[in-house]
Engineer: 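Sending over a structure as structure tokens; questions will come in a sec.
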Amino acid sequence: MPRNASGGRMYIVLTQAPKGTKDILPANIINWYYLENAIRRICAAYGYKEIRTPMFEHTELFKRGIGDTTDIVEKEMYTFNDLAGRSITLRPENTAAAVRAFIENKLYADNPLVKLFYIGPMFRYDTPQAGRFRQFHQFGAEAIGLPGPDVDAEIIMLAVQFLRELGLKKLKILLNSVGCPKCRPGYRKRLQEHLRENFGQLCEDCRSRFDRNPMRILDCKEEKCRQAAVGAPALQECLCDECAEHFAGLQKYLQAVGLAFELDNTLVRGLDYYTKTAFEIQCDLLGAQSAVCGGGRYDGLVEEVGGDPTPGIGFAIGMERVLILLENQGLLPPQEEKLSVFVAHAGQGTNLAAFKLLTELRSFGVAAEMDFSGRGMKSQFKLANRLNAQYVLVMGENELKKGVCALKNMQTGEQVEMPLGQVHDAVASKL
RNA sequence: GUGGUUGUGGUGAAGUGGUUAACACGGCGGAUUGUGGUUCCGUUAUACGAGGGUUCGAUCCCCUCCAGCCACCCCA
């Protein structure tokens, strides 16, 4: 019996999915198809190709890629040893793995810019909350190989177009530049100097961030930390020429296509690999977890993971969050139960004849059903009605004897008899 | 990891320290024997999240755990 931290027994209920996970049921799967179709359609327009990487990777990949001191790596990973003793981790995000695949499969050989997208489950040991789950799904895209702001603009527009095409409103696009290894250390030092004056005021978390990642302090919501941060140098003012130029270039591209965005110099992505461009798309209809999309440039990641120095940029969109937004904005696709034909049968030997009809119709791709539970004729019609059947084929004893069957139009109520051989043509001509 | 809140049948939802735990929806069957969507009737389901404690007795009181929801934190 497993025990929890306080020593109590943990009663695991077998008939209950693990905390923070969810079954996607038949009643909801249509929503996922809807999202996936939109993703594939738009990615095709943008020239991004789908990649599917394993659901787990060597733990080290995430430690190196995402960063040892990030929350994700420090306390949110599903990590275990496999039977040979390798440390394995369920992917908490997919950028590191995509980059690994890019290097391993030498995708750089094909093209100076490799454009990939992925859809799939990610795993993070977080306390569940509105819009937050332990297994959740991301749609993400990565453009690896070129450093220019035009690539940044393209990938941002990909994310934006996806969300827009779904009909989402009230989206806020936040933009920032987090600098590069050339300018960040200098900024870091200046920021620390500024914060040092009020170090005593900082909350406990921020004190521990002071050395490890002082930029995160700007993000803190504690009032005293915000006070301490007043007048802090803005990262955007300390960017090196290259980063500043890049950031300005990106804004020009976005302005050229008329995208409204906000600059937010407190936007700091929580993963270490980001350089230069960082962006986030928010919607306050989501609750506390207001980000639907987060992304940025990662010019050092490929090298960090063992490839040749190669720039890249990407984003990830939380699919459950998109679904939440679609639902509360009334934008989910209509649920349509579509059945073309219900084959009703009653009486001796009719079940075999009905099954033959059913199978024949299906072999032509017609959506057809029949009853397997021995209901009466009336119940079968009720069922056909509930299934929204357009037609009911009646195969009773009378019809069986005469070698015919009756085709009833459920909307008009009109019913015609026909020889068995004509059933398919009759149905096909009406559907 | 912390805090708040909730946990009754397939679903929504009443209720009580004590013989048969409402009601509604749904499901199934029927209203003249083989034809639906309305209506009416009947019927259905070993429902009190799990474990322990208090008590003569607990679904209702106490403790622990599990889960859902929400917030901190973090992020998609």
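All chains are named by letter (A, B, ...) in the order of the sequence lines, taking the proteins before the strands, and each is independently numbered beginning at 1.
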Engineer: Could you check how far CD of A:E320 sits from C1' of B:C69, rounded to whole Å?
Structural biologist: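 A:E320 atom CD is separated from B:C69 atom C1' by 16 Å.
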
Engineer: Starting from C1' on B:C75, measure out to CD1 on A:I281 and report it in whole angstrom.
Structural biologist: 15 Å

Engineer: Output yes when A:E57 and A:R91 qualify as a salt bridge under the 4.0 Å nitrogen-oxygen rule, no when they do not.
Structural biologist: no

Engineer: Judged by each residue's nearest nucleotide on RNA chain B, which is more toward the 5′ side, A:A291 or A:A17?
Structural biologist: A:A17

Engineer: Any carboxylate oxygen within less than 4.0 angstrom of a Lys/Arg side-chain nitrogen, looking at A:K22 and A:E320?
Structural biologist: no

Engineer: Applying the Watson-Crick and G-U wobble criteria at under 3.5 Å, what pairs with B:A67? Answer none if nothing qualifies.
Structural biologist: B:U6

Engineer: Can you work out whether A:I317 or A:Y125 has the more 5'-proximal nearest nucleotide on RNA chain B?
Structural biologist: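 The residue closer to the strand's 5' end, by nearest nucleotide, is A:Y125.
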
Engineer: Rounded to whole Å, please give me the gap between CD in A:Q289 and P in B:C73.
Structural biologist: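 Rounded to the whole Å, the gap is 10 Å.
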
Engineer: Using a 4.0 Å heavy-atom cut-off across all strands, classify A:G376 as base, sugar-phosphate, or nothing.
Structural biologist: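 The residue A:G376 makes no contact with any strand.
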
Engineer: Quick one: are A:I155 and A:Y48 in side-chain contact, heavy atoms under 4.5 Å?
Structural biologist: yes

Engineer: Go through the N and O atoms of the side chain of A:Q129 and the base of B:C73, and report whether any donor-acceptor pair is under 3.5 Å.
Structural biologist: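 Answer yes: a donor N or O sits under 3.5 Å from an acceptor.
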
Engineer: Does the structure show a Watson-Crick or G-U wobble partner for B:C48, both distances under 3.5 Å? Name it, or say none.
Structural biologist: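 The base-pairing partner of B:C48, which may sit in any strand shown, does not exist here.
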
Engineer: Within the 4.5 Å heavy-atom criterion, are A:L339 and A:Q390 side-chain neighbours or not?
Structural biologist: no

Engineer: Heavy atoms under 4.0 Å, any strand shown: does A:R132 hit a base, just sugar-phosphate, or nothing?
Structural biologist: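 A:R132: base contact, heavy atoms under 4.0 Å.
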
Engineer: Starting from C1' on B:G49, measure out to NZ on A:K19 and report it in whole angstrom.
Structural biologist: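 Those two atoms, NZ and C1', are 14 Å apart.
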
Engineer: NA contact type, A:G295, heavy-atom cut-off 4.0 Å: base, sugar-phosphate, or nothing?
Structural biologist: nothing

Engineer: How would nucleotides 31-47 of chain B be written as a contact map, 5' to 3', with B for base contact, S for sugar-phosphate-only contact and - for no contact, using protein heavy atoms under 4.0 Å?
Structural biologist: B--BBBB----------

Engineer: I need the minimum non-hydrogen distance between A:L267 and A:A278, along with the two atoms involved.
Structural biologist: CD2-O, 3.6 Å

Engineer: Can a donor-acceptor pair under 3.5 Å be found between the side-chain atoms of A:R321 and the base atoms of B:C75?
Structural biologist: yes

Engineer: Quickly work out the A:E76 CD to B:C73 C1' distance and round it to whole Å.
Structural biologist: 9 Å

Engineer: Tell me whether the OP1 or OP2 atom of B:C28 has a side-chain N or O from A:R375 closer than 4.0 Å.
Structural biologist: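 It does, given that an N or O in the side chain of A:R375 lies less than 4.0 Å from OP1 or OP2 of B:C28.
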
Engineer: Within residues 24-61 of chain A, find the residues that approach RNA chain B with a heavy atom at under 4.0 Å, and present them sorted by residue number.
Structural biologist: none

Engineer: Tell me what A:F133 touches on the nucleic acid: a base, only sugar-phosphate, or nothing, going by heavy atoms under 4.0 Å.
Structural biologist: base

Engineer: Write down the partner of B:U43 under the Watson-Crick or G-U wobble criteria, each distance required to be under 3.5 Å.
Structural biologist: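 Paired with B:U43, as far as the under-3.5 Å criterion goes, is B:G27.
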
Engineer: Measure across A:Y187 and A:P233 and return the closest heavy-atom pair with its distance rounded to 0.1 Å.
Structural biologist: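 Answer, listing the atom of A:Y187 first, then A:P233: OH-O, 3.0 Å.
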
Engineer: Just checking A:A316: base, sugar-phosphate only, or nothing, at a heavy-atom cut-off of under 4.0 Å?
Structural biologist: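 If one applies the 4.0 Å heavy-atom cut-off, A:A316 turns out to touch the sugar-phosphate alone, with no base involved.
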
Engineer: How far does the C1' atom of B:U8 sit from the matching atom of B:A45, given to the nearest Å?
Structural biologist: 14 Å

Engineer: Roughly how far apart, to the nearest Å, are B:U19 and B:G26 at atom P?
Structural biologist: 32 Å

Engineer: Between A:S379 and B:G30, does any side-chain N or O lie under 4.0 Å from OP1 or OP2?
Structural biologist: yes

Engineer: B:G10 and B:C70: how far apart are their C1' atoms, nearest whole angstrom?
Structural biologist: 27 Å

Engineer: Atom CG of A:L158 and atom P of B:A76: how far apart are they, to the nearest Å?
Structural biologist: 16 Å

Engineer: I'd like to know if A:E369 and A:R362 make a salt bridge, using a cut-off of under 4.0 Å between side-chain N and carboxylate O.
Structural biologist: yes

Engineer: Taking side chain as C-beta onward, heavy atoms only, is A:E142 less than 4.5 Å from A:T95?
Structural biologist: yes

Engineer: Say you pick atom C1' in B:A47 and the same atom in B:U33; how far apart are they, in whole Å?
Structural biologist: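 Nearest-Å result for B:A47 against B:U33 at atom C1': 39 Å.
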
Engineer: Could you work out the separation of B:G12 and B:C69 based on their P atoms and round it to a whole Å?
Structural biologist: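 Roughly 13 Å separates the two P atoms.
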
Engineer: Which class fits the ring pair A:F279 and A:F315: parallel under 30°, tilted 30 to 60°, perpendicular over 60°?
Structural biologist: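 A:F279 and A:F315: perpendicular rings.
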
Engineer: In this structure, which one of A:Q380, A:E399, A:E397, A:R375 forms a side chain to side chain contact (heavy atoms under 4.5 Å, CB included) with A:H345?
Structural biologist: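 Among A:Q380, A:E399, A:E397, A:R375, the one that satisfies the side chain to side chain contact (heavy atoms under 4.5 Å, CB included) with A:H345 is A:Q380.
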
Engineer: Identify the nucleotide, in any strand shown, that forms a Watson-Crick or G-U wobble pair with B:G1, with both distances under 3.5 Å; if there is none, say none.
Structural biologist: B:C72

Engineer: Tell me whether the NZ or CZ atom of A:R52 lies within the 45° cone about the ring axis of A:Y118 and under 6.0 Å from its centre.
Structural biologist: no

Engineer: Round to a whole Å and report the spacing from CE of A:M122 to C1' of B:A76.
Structural biologist: 10 Å

Engineer: Rounded to whole angstrom, note down the P distance from B:C61 over to B:U43.
Structural biologist: 34 Å

Engineer: If you check the A:A288 side chain, which of B:C69, B:A76, B:A71 turns out closest?
Structural biologist: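 It is B:A71.
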
Engineer: Is A:R297 salt-bridged to A:D152, going by a charged N under 4.0 Å from an acidic O?
Structural biologist: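 Between A:D152 and A:R297 there is a salt bridge, with a charged N closer than 4.0 Å to a carboxylate O.
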
Engineer: Provide, to the nearest angstrom, the distance between the CD atom belonging to A:Q16 and the P atom belonging to B:C65.
Structural biologist: 16 Å

Engineer: Scan A:R386 against the nucleic acid and name what it touches under 4.0 Å (heavy atoms): base, sugar-phosphate only, or nothing.
Structural biologist: sugar-phosphate

